[in-house]
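First comes the structure, then the notes that go with it.
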There are 2 protein chains.
Amino acid sequence: MKSFKKSHGIETDEEDNIQKQENNSEASQNMIPLLLDSWKPYRRPRAIVKELLLKLRERLGSVCGIQWYCFATLGILTALLSFLLDLSVAKLLRAHQWLYVKLEGHILLQFLCWTLYPACLGAFASTFSHNICPFSTGSGMPEVRTMLVGIEVPHYLSVTNMFTKFLGLTCTLASGSTVFLGKVGPFVHLSTMVGAYLDKLSSLIQGKKKEEAGTEMLVVSAAVGVASCFGAPVSGVLFSVEVMSSHFALRHYCPCFFSAACGALTFHLLYVWSGDGETLQALFKTNFPTALPFYPLEILLFALLGLLCGALCCCYLFCHRWILKFTKTNRVFLKMLTTEKGLYSGLVVFFLASLTFPFSAGQYMASKYTSKQLLTSLLDSRQWSSQSHNASVQLELESLEWRSSGTPIFLSLAFFLLMKMWMLVLACTLPLPAGYFMPVFIYGAAIGRLLGEGVAYMSSGGRILGQQWTSVNPGGYALAGAAAFSGAVTHTLSPALLAAELTGQFSHALPVLLSTLVANALARSRDRPSFYDALSISKKLPHLPSLKKAFPQIPSTPLGQVLRKKSVQLQKAAGPAEVQSAVNSSSEAQIPVVDSHESQVFLGFVLRSELLLFLHRCQTQHMEGRLDEVCSIHPNLILVSPHNTVEE
Amino acid sequence: MKSFKKSHGIETDEEDNIQKQENNSEASQNMIPLLLDSWKPYRRPRAIVKELLLKLRERLGSVCGIQWYCFATLGILTALLSFLLDLSVAKLLRAHQWLYVKLEGHILLQFLCWTLYPACLGAFASTFSHNICPFSTGSGMPEVRTMLVGIEVPHYLSVTNMFTKFLGLTCTLASGSTVFLGKVGPFVHLSTMVGAYLDKLSSLIQGKKKEEAGTEMLVVSAAVGVASCFGAPVSGVLFSVEVMSSHFALRHYCPCFFSAACGALTFHLLYVWSGDGETLQALFKTNFPTALPFYPLEILLFALLGLLCGALCCCYLFCHRWILKFTKTNRVFLKMLTTEKGLYSGLVVFFLASLTFPFSAGQYMASKYTSKQLLTSLLDSRQWSSQSHNASVQLELESLEWRSSGTPIFLSLAFFLLMKMWMLVLACTLPLPAGYFMPVFIYGAAIGRLLGEGVAYMSSGGRILGQQWTSVNPGGYALAGAAAFSGAVTHTLSPALLAAELTGQFSHALPVLLSTLVANALARSRDRPSFYDALSISKKLPHLPSLKKAFPQIPSTPLGQVLRKKSVQLQKAAGPAEVQSAVNSSSEAQIPVVDSHESQVFLGFVLRSELLLFLHRCQTQHMEGRLDEVCSIHPNLILVSPHNTVEE
């Protein structure tokens, strides 16, 4: 595996270098190590190249700091990844659809095609990511949040992980709306990895030490991840403000915007160049009527929708927490998830796919649509339940997947909501690289659509609500529902802006914001953990804000209680005997030093190596020293006494 | 004046109370002080009312914290103020217009009406605000920024100031596009005052002490100010993120959004109820074509526009800094501005008005338009310079104020830009309550329009740029120019989003963001101070980020240099003689204590009162004590040594 990792590392390095040379920026310092090996051939040309690159670096540095080139490259690379992912997923989905249509008439073969294709992809993604890099499963968002707090999470930013995640994610998304998972979370993670790599490169070029780099790249990467996933720069920046646990540093603000704009621009331009659109447009462009987007009194209905979304979100999050606990306690699940990940994924995906098979329950829940088509259909501004006499509209509505079975669309939507709720919760247990934001967004759109269709049905023709509401737009409700539900699940407000950026529709900005606020208020009440909080707690990540929500009494627990449990600590005036016993009983590299065992005032750390040296000297020179006279105590920045609470 | 202040205080209190009773929320605790005076009549009814209100408080508090009601009230009150301001300004402007039209035929009378009306309003605003509350002049933004750093600025949040600012601002805006000033800055200041008042009320209700309140209300107020000024909630929140000097605390994020949404909603609903619109719509709604908003290659032109705006912004800011310095050094200006503010304002406004008189230079710069009409006309999506054969369009374009004099619109626009540049700089010296954002926004729109018209002219009919660009939209350039120029002047990025929220147009979001980023990069290069920075420096406000830009060497100045100038400091081991001399030479309540005069390591403060006690004891008991044995040294939270720089 190691050799594979290596060769892969070189591969991506090369790929990156090509990219770099295009930008004529960062490659310069990469050459310097080459010149140190004097036995290598072509010294003279290499010296010339090096000089040219150094000059280039100087010239570039005179325009603006090298880190700005890095930010631009980060945006461009992530957008490129996003575009490549979309492209390959679209090809895989089309292949599946083509095969399914070709098998028309053979129901058994169609069933096998419908179920085995995603099941195999799921099993492959699961096995592959488990074997190459087990850290690549899940969305990666909880880990990114932990890293943003300032805690290092090893292996999460390696190049292997990036490769694995990208491939695994492609397979997951190619399983289509059967598995019904998204790409936002993994994309934030992927962009973090690209960012970490570029950060290393930038500090190499600038000759900085590694420690000085800080979390800047991480914060920027979070913004870029969202921005280049949807081509939505402003909500990307808002997301990166939200994802910080306590404070957002203003010096990251401009880099975030700059990088996100580069990412979004590249993403849209790639779409235009690939022939998918005539110009730079929103991803899910809608055609809401602009003259009268909604009636003022509908504001109340939007607030009601927010309440509804909030309530359903609480239900969803409860199920999610329950299944997280269940998979950790149930012996069958636990065994499957630890040893037979591929089999588990294959089986679950097969089960989900057989349910969504268009000749079984799938016909009632528009299962032929891909996720994108689902969202587009839900955001449609025309009323589905209309008794229109316009023939062309009637014809177009007839071809709607939602009413393909002949059932009323209200029943279809309700059935969709009911089934997808538990299917989504089940899909969240899959050990695959996958995002959980987009499905929630679509689910919310379906909630909004149901309410919107209801209102439109009641108002059309002045049947119940009187004559004044003649043209209610159910698409607006779907938009608000999507933002409200996804915002409530993740405890964020940026989906309200994301909804506007995704559809290019700003006329509904206020009602969408209102729904999102109401849903958030309901979801956050009583310190309920968000979706990511639940994952953080379940994965035992050191993320204090999540912990606070799970155990509200934590911030006021005296630190003494926590520290005393470890109890391997040294007094300031410790003699060799005490040091010996401490070294024996603890294996950590740093051992805490307290003022005295009674006062428990924490002074700092001593390195284990220094302790060993101290012991060695005592033994050889028969010296009786005190710890604080011989070893240097590395102070902690904050003075901590046992009466301080954990929060401080 | 004092009695006036008092009576005014009661007035606004009453007004607030009416508002409160409508919301049934905060008025409760206000009643308690009444009951303490036992001699007052109606004890029984008052007791019942008090009990009811206490119950109400409890009931309200059980839903969510009292502070959330405060946030909602803040939004609603500020939006109400904004609406009232708009209403009265519109009425005053219409009166002026009516009078001007009535005098048709008498050029001299028309000239007097055109010039004296705004001159009188300006002189009144200036005199009034100078006499009632001298702190109410200017935009108030620099002071708000200083307060957000955590420094208290006295008198800036008083109720008198609020009243004066509101009335003065009404007069300033009623002078119309002659004076060409806006309302954003003062509105942020006004909302801060409302916020501070509500904050006091909330801590009274919750029984908190004043110190616990913190800057939360200030941050929220900044967001609400922008949100209820334009009905743009998201850019309000982004603005409040930007206005912070170093960090944005995430716990303010939700309150900001909530309060801004309340403000924007109220603002729009008030507009609907007043009959100005059928539903909640953007303030400057545009009708850009949605099918093909712009060609991909136009992106380059938008970047060029950003460069142009950045360059013009540098020019504008240079002039602004020069005039700030000039008014401080020129003796005539200095005397006028300190003693004869009313006269100065009147004269300057008269001069500006005589220039914009429609029969003089005004005919070349569309001076008949109000600021709102100017912006609406500039954002129009139809090409002005077209040789359209459509009669109705032709007719409508003929009535355009920009070509009223018969000059080509290119010359009109260029003349407008040239004249308004120095007129705006001159208007900035007026000692009135006024905002400087909106004029800059409109100025930027004119820059964009000029470029856009040029592109449209060259492309129409395939004359120069070939057949591929047939329908270039000059309104999009105006939008991008507005965001870019105003963003560059204030060194912010939120105008990019504000432009989208003001027009309800998200199709141009990416090019607008690109222009804003480019313009910002140019304006910020070489540590140039922003508009607000220049004001902060000129007003000598303690705002570190501004100072840094004015004197880039400050952050690296050793602290020792700064502290040594004061030099009244005590050694840790100081005897009575040294203490005596320190007490004599310094009059401050806290005297710094250093480890020793050589090391200059700063330990903390001793209170002057303790020093006096120490001296007294030494004298009476003939004791020879050391400072650190007798007095307690109050430690500072951060250990500061003279080698630390000021920034730390």
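Every chain is numbered from 1, with letters handed out A, B, ... down the list of sequences.
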Seminar exercise, completed: Bottom line for B:Val237: the part with an atom under 4.5 Å from chain A's heavy atoms is neither
Problem set entry | CG-CG distance between B:Leu265 and A:Leu514, expressed to the nearest 0.5 angstrom | 6.0 Å
For this session: Pick one of side chain, backbone, both or neither for B:Ala264, based on which atoms fall under 4.5 Å of a heavy atom in chain A.
Result: both
For this session: Specify which of A:Phe258, A:Trp68, A:Phe248 makes the most heavy-atom pairs with chain B at under 4.5 Å.
Result: A:Phe248
Problem set entry | Distance (rounded to the nearest 0.5 Å) between B:Phe506 CZ and A:Ser507 OG | 12.0 Å
Exercise. So what's closer than 4.5 Å to chain A heavy atoms on B:Cys254: side chain, backbone, both or neither?
Worked result: both
Exercise. Top residue by heavy-atom pair count (under 4.5 Å) with chain B, among A:Glu501, A:Arg524, A:His268, A:Arg251?
Worked result: A:Glu501
For this session: Specify which of A:Val234, A:Thr516, A:Leu269, A:Val272 makes the most heavy-atom pairs with chain B at under 4.5 Å.
Result: A:Val234
Problem set entry | Heavy-atom proximity to chain B below 4.5 Å, by part of A:Leu238 | both
For this session: Identify which part of A:Ala509 has an atom lying under 4.5 Å from any heavy atom of chain B, answering side chain, backbone, both or neither.
Result: neither
For this session: Could you check B:Glu242 against A:Tyr253 for side-chain contact (heavy atoms from CB on, under 4.5 Å), going step by step and ending with a plain yes or no?
Result: CA-CA 8 Å; B:Glu242 276 177 331; A:Tyr253 183 77; 2.9 Å; yes
Seminar exercise, completed: dist A:Phe257:CZ -> B:Leu517:CG (nearest 0.5 Å) comes out at 7.5 Å
For this session: Counting only heavy atoms closer than 4.5 Å, note whether B:His252 contacts chain A via side chain, backbone, both or neither.
Result: neither
Exercise. Do the side chains of A:Leu497 and B:Leu497 get nearer than 4.5 Å, heavy atoms only?
Worked result: yes
For this session: With a 4.5 angstrom heavy-atom cut-off, could you sort out which part of B:Leu510 is near chain A: side chain, backbone, both or neither?
Result: side chain
